[in-house]
Protein chains: 2
Amino acid sequence: MVKKRITLKDVAERAGVSYQTVSKVLAGQGSVSTETRARIQTVVRELGYRPNIRARNLRVQRSHLIGYSWQPEPPDLYNPILEKFLQSIIQSAEQQNHHILTFAWQQETDQLEEYHSLVQSGRVDGLILSSIDFNDRRVAYLMDLNFPFVAFGRANPEWDFAYIDVDGGTGLRQMTEYLLALGHRRIAVLAWLESSRTGEDRLQGYYRAMQQAGVSYEKGWIVHGENIVSAGYDGAGQFLQRPPAERPTALIGMSDTLAIGAMNAAHDLGLTVGRDVSISGFDDAPLSQYLQPPLTTVRQPIWEVGQRSIELLFQIMDDSAPAERQILLPPRLIIRQSTGEPNQ
Amino acid sequence: MVKKRITLKDVAERAGVSYQTVSKVLAGQGSVSTETRARIQTVVRELGYRPNIRARNLRVQRSHLIGYSWQPEPPDLYNPILEKFLQSIIQSAEQQNHHILTFAWQQETDQLEEYHSLVQSGRVDGLILSSIDFNDRRVAYLMDLNFPFVAFGRANPEWDFAYIDVDGGTGLRQMTEYLLALGHRRIAVLAWLESSRTGEDRLQGYYRAMQQAGVSYEKGWIVHGENIVSAGYDGAGQFLQRPPAERPTALIGMSDTLAIGAMNAAHDLGLTVGRDVSISGFDDAPLSQYLQPPLTTVRQPIWEVGQRSIELLFQIMDDSAPAERQILLPPRLIIRQSTGEPNQ
DNA sequence: TGGCTGAAAGCGAACGTTCGCCCGAACGTT
DNA sequence: AACGTTCGGGCGAACGTTCGCTTTCAGCCA
């Protein structure tokens, strides 16, 4: 049996005051004499009183809870970025005395209905969304309702809502420029599906860098696929089996996951990564620096994305119209040994 | 402005009944005529009524929330096992209409005080704990309070509480037996700190296998360290720099993280993993199969651990005394190319 | 005709807070 | 002496449910 719950009334009775006075003391407001204040505080300690959060939530119409809506990966996959992001918002929220409530969201089954209840039932005070897609229905719905939320990632550019994102276009541009500077001319890309807003955004960086350097590129150097290791393996395989003279000398993966697939393909074809072919990734996943060879990649400031998302959400919930509602953070090029000068 | 909330009373007024009757209809209990029932349901849909969860929580004294207490890693580290575990409990809990509330727990700062409030304030109906240590104060406290919880991992064997764990001893025994069968005799272990209950438990499996095979082993073949890549690197470096005749032919890492460190050390010393030295891990982290060479390891049934933890917790919360309160799941040996017959 | 039964729906209370208002005493001012 | 102010603290209400009890009334039987 869990011990009986101690309420304000229990404390009040023992301290010989009304229970509302106890509430005042605990909230630190209203005028109460120093003696009664002290007396009440002693009793509170003696009894080990803790305010009942459920009752408070009902009364003040807040829950001190923040929802996090994301698309879960299948058990056998993993997404290092989203996992770090979750850690980051959890910790940031806790510093503000809030907690994170996680909500899985299946794009296919599309249970917007559940969203209705989630938001309107008062379970959470605000929402963080990730795995945003271009015409994300959650975003549209929340905007319509004027419910406080912040998205990690951009959607339809015509929509005006609060988001934080990493400027992947700039990241890929830097990577491309770096490879061009090393002397590479035939640079292929292992990209995501064309429906991915983030993916297309990053590709723009590649195009910009190539055009600015006056290097022509073929449509065929971009291969689209899912963000899984095997897609990287297959895509890289296609490129690397061509005759050396027309084979790309560098492969840019749109994620570390794709790059790992590419590294495995190169290895299986007897090519040495970093010498025979340069391979780069995007994310700087925890283990990427320990691969053989260590992976050149673009690091996302994921921890900062999480912190700023929470920060921004609190501003919105407080109604203090934030200065910036759309924040783009720059990523950083991390050069390791999986890239080098072209061999030929 | 968020739109005004619709309550039972709004529905009742429009349907021409008392609000308690509406509640009855929604709960599906009590006797209400078919006509009024239908009429109420129409109004509910028209108005888009959603019950206020905060009020319900107060009334029924439950929150439909489950707390998850774990020790966060520093931002630059990562623990693939715990991350999958979290995913798993989130999904399992959602299937039962509950959500997970995450609580960071710093062992050092030891704010048990916060635990008091967490539990006694009625924020959560039950708790899942991970990162358990031998004399875990959370466990002691919750047992004393008789609050429903399930731990992922074991603590002081004298304590009787509900836990789920993976039988790491058996895992390491299988691994050791497999290496012995390949012909290895000098088998070293990269272990965790001696204060780790889980670590010592796994080591027992190694001892058992070696003794049973009648193979003598030296105390010095076990090196203890933190669960980070560099500890694996350093530990392996010590072993592999010895003269070939007395150098271990196989290295067992107590985690994939340590094994990756060891693989890097071997590489830097010019040794080929799987031929010159066998290296194995523990966990089967998502990327381990894509390392060069792919890592032989012990797979933890982590998804199942999560599911069963939630299942067990619900049984405890329902007071239906569960058949088994202590569950040990067997891990599985995954053989890949980082291990092979000894070279000499 | 009187009384019993059961279905349908209403009513009051409670969950444990917070918040605004009111009241009385003490004190100071004109 | 009458009046205003301030301080300490009490009181009632409300947040939106659920739950159990009571009331009403129609139907039926003796």
Side-chain angles (χ1 to χ4, degrees), chain A residues 2-41 43-44 47-65 97 117 119-125, chain B residues 2-41 43-44 47-65 97 117 119-125:
Chain A
V2 178
K3 286 156 192 164
K4 194 203 164 293
R5 171 150 290 140
I6 291 149
T7 72
L8 276 183
K9 292 187 183 170
D10 299 319
V11 176
E13 194 182 356
R14 184 137 167 191
V17 292
S18 77
Y19 67 92
Q20 293 94 333
T21 307
V22 180
S23 173
K24 274 183 198 163
V25 169
L26 262 37
Q29 42 172 247
S31 50
V32 181
S33 73
T34 345
E35 307 102 78
T36 37
R37 181 180 301 275
R39 185 154 36 93
I40 288 173
Q41 268 156 355
V43 177
V44 163
L47 261 43
Y49 167 77
R50 322 270 154 186
N52 182 317
I53 298 208
R54 290 189 285 240
R56 174 182 298 168
N57 286 346
L58 173 60
R59 175 61 229 227
V60 303
Q61 302 283 51
R62 296 194 59 176
S63 62
H64 277 254
L65 256 30
N97 276 315
S117 350
V119 168
Q120 307 220 338
S121 65
R123 232 209 216 302
V124 296
D125 297 338
Chain B
V2 179
K3 286 155 192 163
K4 194 202 164 294
R5 173 150 288 140
I6 292 149
T7 72
L8 277 183
K9 292 187 183 170
D10 300 320
V11 177
E13 192 181 358
R14 185 137 166 192
V17 292
S18 78
Y19 66 92
Q20 293 95 331
T21 307
V22 180
S23 173
K24 275 183 198 163
V25 169
L26 262 38
Q29 43 172 244
S31 50
V32 181
S33 73
T34 345
E35 307 101 77
T36 36
R37 181 180 302 275
R39 184 155 35 93
I40 287 174
Q41 268 155 357
V43 177
V44 163
L47 261 43
Y49 166 78
R50 321 271 154 187
N52 182 316
I53 297 208
R54 289 188 286 240
R56 174 182 296 169
N57 285 347
L58 173 61
R59 175 62 228 223
V60 303
Q61 302 282 54
R62 295 195 57 176
S63 61
H64 277 253
L65 255 31
N97 277 313
S117 346
V119 167
Q120 308 219 338
S121 65
R123 230 209 216 300
V124 296
D125 297 337

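Please read these numbers as outputs of a predicted model, since none were measured by experiment. Throughout, protein chains are lettered first and strands after them, A, B, ... in sequence-line order, and every chain is numbered starting at 1.
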If only side-chain N and O atoms of A:Ser23 are considered, is one of them under 4.0 Å from the OP1 or OP2 phosphate oxygen of C:dG16? no

Rounded to whole Å, how long is the line connecting atom CD of B:Gln29 with atom C1' of D:dT17? 12 Å

Does the side chain of B:Val22 come within less than 4.5 Å of B:Val43's, by heavy atoms? no

D:dG16 base to B:Thr7 side chain: any donor-acceptor pair below 3.5 Å? no

Measure from CG on B:Leu8 to C1' on D:dC19 and round the result to the nearest Å. 13 Å

Taking every heavy atom of B:Ser23 against every heavy atom of B:Leu8, the minimum-distance pair comes out as CB-CD1, 3.9 Å

Record whether the side chain of A:Lys24 comes under 3.5 Å of the base of D:dG8 through a donor-acceptor pair of N or O atoms. no

Options D:dG8, D:dT18, C:dT17, nucleotide nearest the side-chain atoms of A:Asn52: C:dT17

Starting at CG of A:Leu26 and ending at P of C:dT18, how long is that distance when rounded to a whole Å? 7 Å

Can you see if the side chain of B:Ser18 gets near the phosphate of C:dG10 - specifically, an N or O under 4.0 Å from OP1 or OP2? yes

Can you give me the closest heavy-atom contact between A:Ser63 and A:Arg123, atom names plus distance? OG-O, 2.9 Å

Find which nucleotide of DNA chain C each of B:Arg59 and B:Ser31 is nearest to by heavy atoms, and output the residue with the more 5' nucleotide. B:Ser31

A:Arg123 has an atom CZ; how far is it from atom P of D:dG16, in whole Å? 17 Å

A:Arg50 CZ to C:dT17 C1', straight-line distance once rounded to whole Å: 17 Å

Assign each of A:Arg39 and A:Val60 the nucleotide of DNA chain D bearing its closest heavy atom; nearer the 5' end lies the nucleotide of A:Arg39

Within the structure provided, determine whether A:Thr21 and A:Thr36 are in side-chain contact (heavy-atom separation under 4.5 Å). no

In whole angstroms, the gap separating P of C:dA14 from CD of B:Gln61 amounts to 14 Å

Quick note, A:Gln20 side chain, CB onward, closest among D:dG12, C:dG10, C:dG20 is D:dG12

C:dC15 P sits how many Å from A:Tyr19 OH, rounded? 11 Å

Given C:dG16, D:dC7, D:dT17, identify the nucleotide with an atom nearest to the side chain of A:Leu58. C:dG16

Check against side chain to side chain contact (heavy atoms under 4.5 Å, CB included), B:Glu13 and B:Lys9: CA-CA 6 Å; B:Glu13 192 181 358; B:Lys9 292 187 183 170; over 6 Å; no

Any B:Thr36 side-chain N or O less than 4.0 Å from OP1/OP2 of C:dA9: yes

State, yes or no, whether a side-chain contact exists between B:Ile53 and B:His64 at a heavy-atom distance under 4.5 Å. no

Given B:Asn52 and A:Gln61, is the side chain to side chain contact (heavy atoms under 4.5 Å, CB included) satisfied, shown in steps? CA-CA 10 Å; B:Asn52 182 316; A:Gln61 302 283 51; 4.3 Å; yes

Quick one: the side chain of B:Arg56 and the base of D:dT17, do they pair up donor-acceptor inside 3.5 Å? no

Below 4.0 Å: OP1/OP2 of C:dT17 and any side-chain N or O of A:Tyr49: yes

5' priority, DNA chain C, between A:Ala27 and B:Gly16 [closest heavy atom]: B:Gly16

Here the pair of heavy atoms bringing A:Leu26 nearest to A:Tyr49 is CD2-CE2, 3.3 Å

Would you mind reading off the distance between A:Ile53 atom CD1 and C:dT17 atom P, rounded to a whole angstrom? 11 Å

Hey, does the side chain of B:Thr21 come within less than 4.0 Å of C:dG10's phosphate (OP1/OP2), counting only N and O? yes

Listing for DNA chain C: consecutive Watson-Crick or G-U pair runs of at least 3, distance cutoff 3.5 Å, ranges ordered by first number, gives C:1-30 with D:1-30

